[in-house]
Number of protein chains: 2
Amino acid sequence: MYHRYIAAKEASSAQRTRVLIIDAAADLLAASASGDFSTREVCDAAGVAAPTLYHHFGDKDGLLREVAADRFSRYLTRKQALEATGDPVEDFLRGWDMHVEFGVTNPALYTIMYGRPMDGRTGPADHAHAVLVTKMRDLERAGRLRIPAETAADMVASAAVGVTLHLIRTRAAADDHLSAIVRDAVTAAVISPPAVPGAPPVTPQLVRAAARLEAEMPHGPVGTLRASETTLLREWLAQLSALSSAAGGDPP
Amino acid sequence: MYHRYIAAKEASSAQRTRVLIIDAAADLLAASASGDFSTREVCDAAGVAAPTLYHHFGDKDGLLREVAADRFSRYLTRKQALEATGDPVEDFLRGWDMHVEFGVTNPALYTIMYGRPMDGRTGPADHAHAVLVTKMRDLERAGRLRIPAETAADMVASAAVGVTLHLIRTRAAADDHLSAIVRDAVTAAVISPPAVPGAPPVTPQLVRAAARLEAEMPHGPVGTLRASETTLLREWLAQLSALSSAAGGDPP
DNA sequence: GCTGCAATGTAGCGATGATACACAGAAGCG
DNA sequence: CGCTTCTGTGTATCATCGCTACATTGCAGC
């Protein structure tokens, strides 16, 4: 009746109804207290009938996934302009804050994305994780990562999701400092400090000595050092002994 | 018909049917792939009719909460005997591992407990968090906490839940080292080193290697290590190399 | 203009969470 | 024992839910 003129103007009518349904579902989801909606509500709000919804999204879960993906990517792209700092570490920190902020301001969508096991199909959470892995690879390429990029991405994702869900569950404010604390703790565990300011004096003897000590290190606590300290010590020794040749490193 | 005799033997018939329903729901939940069940399934499996279920648990959500609380507390008490170490730090680490293990082995229950916003009423997650806070207070009283106990509990809970949900979401194995890494990272950020440990195993080779590396250590930042880290590393190396004589033996 | 295809409305199915109502059996009391 | 009362349970049913078979509409290409 009426879509004809709109359809003729720009996008296909099908795409129009798609975004119509997605918008209606997102609005209902944001307004709902239970974090859920019925397909009938969505159809009524969007002005379409049930088969239209299922024709476009397959089932309710497909709609949920598309809504989450749409809103999440929209949120990211809207704030992406702020991520223009050349520093990958700064980008990483901003990415964390954006992630948490999105979750706190969109608890229903976030819970759908991260609060339940995957149902086989890939969702927006997988896409976000892929982006995170590339960010970690950037850091790795810049020599700022203590651990493999994939492991770092898993650590960061776990901690960020945990904090966000905790804030959602406890109804805590978004500006709570919990996110910052955990973020810094994870950062300290994942990201190494900038290469070296001056000229790092690393002699082959030091590297050999570090490798020797690393080989001698047992797995439990050593001497007066606690287990956690031993872990950190072993990690540092690995870094030092890995410096073998390319030690003198030159800043770009 | 038949419960009469059982009921007469010990507990009230009402309590019997309660645990009957809870067990049936837990079994169905563990067997279900979707992480959900229908009240009809539960009633059939428990051998009761629908009004009985609603008479005891109010609604489906009440049943879910009671099932989660029952299984979680059962899991904790079953493993609580292993938490007999006097060291509060060790207790904390074991608590973390137990938490993650429970989540990975009971993904459906865990998702119900932590994967969605609180619906006003208190659930098993709140109880678990209260236990965690008391543990953190123990650490605080032992002078092993860098930050307030409540903040530490929030950090630990966030990270542990995040890791567990990540493992559930990615279908990763329970023995994945991700949990250990995040756990150690959080531990390093929350717990301060101990006063004095016991008598750990130290080989003469390790002591010599530590002394050698200590001699090779320069004063500035070394390789990829920050200046502060280098300081700490040098300190630890001094501790290890000082173990030379009194190391292997244990003082009477 | 006719045909094929994608998109949409009408009507309804099966399953689900939840409930109104009545019955059963134990407890208390004469 | 008879009577009442209350908790616990079964029978039957409701409103809603996700979803779909089928018919209809509108638009593209020959």
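Labels below follow one simple rule: chain letters A, B, ... track the order of the sequence lines, proteins then strands, and each chain is numbered from 1.
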Trainee: What residues, two or more places apart in sequence or in another chain, satisfy side-chain contact (heavy atoms from CB on, under 4.5 Å) together with B/D61?
Mentor: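 Scan of B/D61 (side-chain contact (heavy atoms from CB on, under 4.5 Å), adjacent residues dropped) gives B/D59, B/L64, B/R65, B/R116, B/D119, B/R121.
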
Trainee: Checking contacts here: which listed nucleotide (D/dT9, C/dG9, C/dT8) is nearest the side-chain heavy atoms of B/T17?
Mentor: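 Nucleotide nearest to B/T17's side chain: D/dT9.
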
Trainee: Please report the distance, rounded to the nearest Å, between CG in A/L28 and P in D/dC17.
Mentor: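 The answer, rounded to whole Å, is 12 Å.
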
Trainee: So, is A/H55 near the phosphate of C/dT8, with a side-chain N or O under 4.0 Å from OP1 or OP2?
Mentor: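 So the side chain of A/H55 is outside the cut-off, no N or O lying under 4.0 Å from OP1 or OP2 of C/dT8.
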
Trainee: Measure from CG on A/L20 to P on C/dT8 and round the result to the nearest Å.
Mentor: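 For the pair A/L20 CG and C/dT8 P, the rounded distance is 10 Å.
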
Trainee: Going by an N to O cut-off under 4.0 Å, is there a salt bridge joining A/D70 and A/R74?
Mentor: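 Salt bridge present between A/D70 and A/R74.
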
Trainee: In this structure, how many angstroms lie between the P atom of C/dT8 and the CZ atom of A/F57, rounded?
Mentor: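 It works out to 10 Å between those atoms.
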
Trainee: Could you list the residues that satisfy side-chain contact (heavy atoms from CB on, under 4.5 Å) with B/A149, not counting sequence neighbours?
Mentor: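 Residues passing side-chain contact (heavy atoms from CB on, under 4.5 Å) with B/A149: B/M136, B/R137, B/E140, B/L145.
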
Trainee: Could you go through residues 183-193 of chain A and list every donor-acceptor pair under 3.5 Å that involves a side-chain atom there, pairing it with any protein atom two or more places apart or in another chain?
Mentor:
| from | atom 1 | to | atom 2 | distance (Å) |
| --- | --- | --- | --- | --- |
| A/R183 | NH1 | A/D97 | OD1 | 3.0 |
| A/R183 | NH1 | A/D97 | OD2 | 2.9 |
| A/T187 | OG1 | A/R183 | O | 2.6 |
| A/S192 | OG | A/R144 | O | 3.3 |

Trainee: Please name all residues satisfying salt bridge (Lys or Arg N to Asp or Glu O under 4.0 Å) with A/E41, sequence neighbours left out, ordered by chain then number.
Mentor: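 Checked A/E41 against salt bridge (Lys or Arg N to Asp or Glu O under 4.0 Å); zero matches.
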
Trainee: Nucleotide by nucleotide, 5' to 3', does protein get under 4.0 Å of the base (B), only the sugar-phosphate (S), or neither (-) in nucleotides 15-23 of chain C, counting heavy atoms?
Mentor: -BBBBB---

Trainee: Taking 4.0 Å as the cut-off, does a side-chain nitrogen or oxygen of A/T52 come that near to OP1 or OP2 on C/dG9?
Mentor: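 Yes, such a contact exists.
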
Trainee: Is B/H56 near enough to D/dT7 that one of its side-chain N or O atoms lies under 4.0 angstrom from OP1 or OP2?
Mentor: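 No, outside the criterion.
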
Trainee: Quick one: which residue pairs count as a ring-ring contact (aromatic ring centres under 6.0 Å, His included) with a foot in residues 140-168 of chain A, not counting sequence neighbours?
Mentor: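 Pairs touching residues 140-168 of chain A that pass the test: A/H166-B/H129.
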
